[in-house]
Amino acid sequence: MTNEQAVSLLEDLRSHNIQELKIEKEDFLTFRQALMKAEDVSNFRGVAKHHGITIYTYEPNWS
C-alpha cells in the first residue's frame, strides 16, 4: 500500500463509499501514517483482529 492509496481509502470511509476497511498487518504502518495526518483522526475507529488485521470504521462525533 502506498500513502496515496491509504489517503484514498480514508476518504472512501469518510464519505461512506465503504462501511469498513480491513487493513492487513503488512500495510498497517503505511496506513497509520496517513491516518495520523487526517484532521478528523478521532472519528476513525480501529478494532484489532487476529493475525494482525485491523478493521476501521468512520464514526463522526456529532456533539
Side-chain angles (χ1 to χ4, degrees):
M1 174 181 295
T2 65
N3 184 60
E4 291 79 19
Q5 290 170 323
V7 169
S8 177
L9 290 170
L10 287 169
E11 182 55 37
D12 285 344
L13 267 180
R14 188 180 288 119
S15 63
H16 302 290
N17 289 335
I18 56 176
Q19 297 303 311
E20 67 178 28
L21 177 60
K22 178 176 148 182
I23 299 297
E24 302 285 341
K25 176 172 53 175
E26 57 271 6
D27 295 324
F28 179 77
L29 291 178
T30 302
F31 181 80
R32 187 175 184 283
Q33 288 176 347
L35 176 62
M36 292 291 102
K37 292 178 183 176
E39 288 184 22
D40 57 348
V41 64
S42 64
N43 294 330
F44 291 90
R45 302 285 182 250
V47 177
K49 299 292 184 180
H50 294 288
H51 308 291
I53 294 171
T54 306
I55 305 293
Y56 285 94
T57 56
Y58 187 74
E59 301 173 20
N61 298 326
W62 297 108
S63 54

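Hydrophobic clustering, with ILVMFWY side chains joined whenever heavy atoms are under 4.5 angstrom apart, groups Val41 together with Tyr56. By the criterion of side-chain heavy atoms lying less than 4.5 angstrom apart, applied directly or through intervening Ile, Leu, Val, Met, Phe, Trp or Tyr residues, Leu29 is grouped together with Met1 in one hydrophobic cluster.
Taking a 6.0 Å sphere around CZ of Arg32, one finds it holds 12 or fewer heavy atoms contributed by other residues, nucleotides or ligands.
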Lys22 vs Glu24, test: salt bridge (Lys or Arg N to Asp or Glu O under 4.0 Å). Steps then yes/no. CA-CA 7 Å; Lys22 178 176 148 182; Glu24 302 285 341; 3.7 Å; yes
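With rounding to the nearest 0.5 Å, the separation of OG1 in Thr54 from NZ in Lys49 is 10.0 Å. Atom CD of Glu59 sits about 10.5 Å away from atom CG of Leu13, to the nearest 0.5 Å. Between the CG atom of Leu21 and the OG1 atom of Thr57 there is a distance of 10.0 Å, given to the nearest 0.5 Å. Going from atom CZ of Phe28 over to atom CD1 of Ile53 covers 13.0 Å, rounded to the nearest 0.5 Å.
Counting only distance, with no hydrogens or angles, the side chain of Gln33 and the backbone of Thr30 share no donor-acceptor pair below 3.5 Å. Under a 3.5 Å cut-off, the side chain of Ser15 and the backbone N or O of Glu11 do form a donor-acceptor pair. With Asp12 contributing its side chain and Asn17 its backbone, the two residues share no donor-acceptor pair below 3.5 Å.
Of all heavy-atom pairs between Asn3 and Ala34, the closest is OD1-CB, 3.6 Å.
The closest side-chain heavy-atom distance from Leu10 to Leu35 is below 4.5 Å.
Phe44 and Tyr58 have their aromatic ring centers within a separation under 6.0 angstrom.
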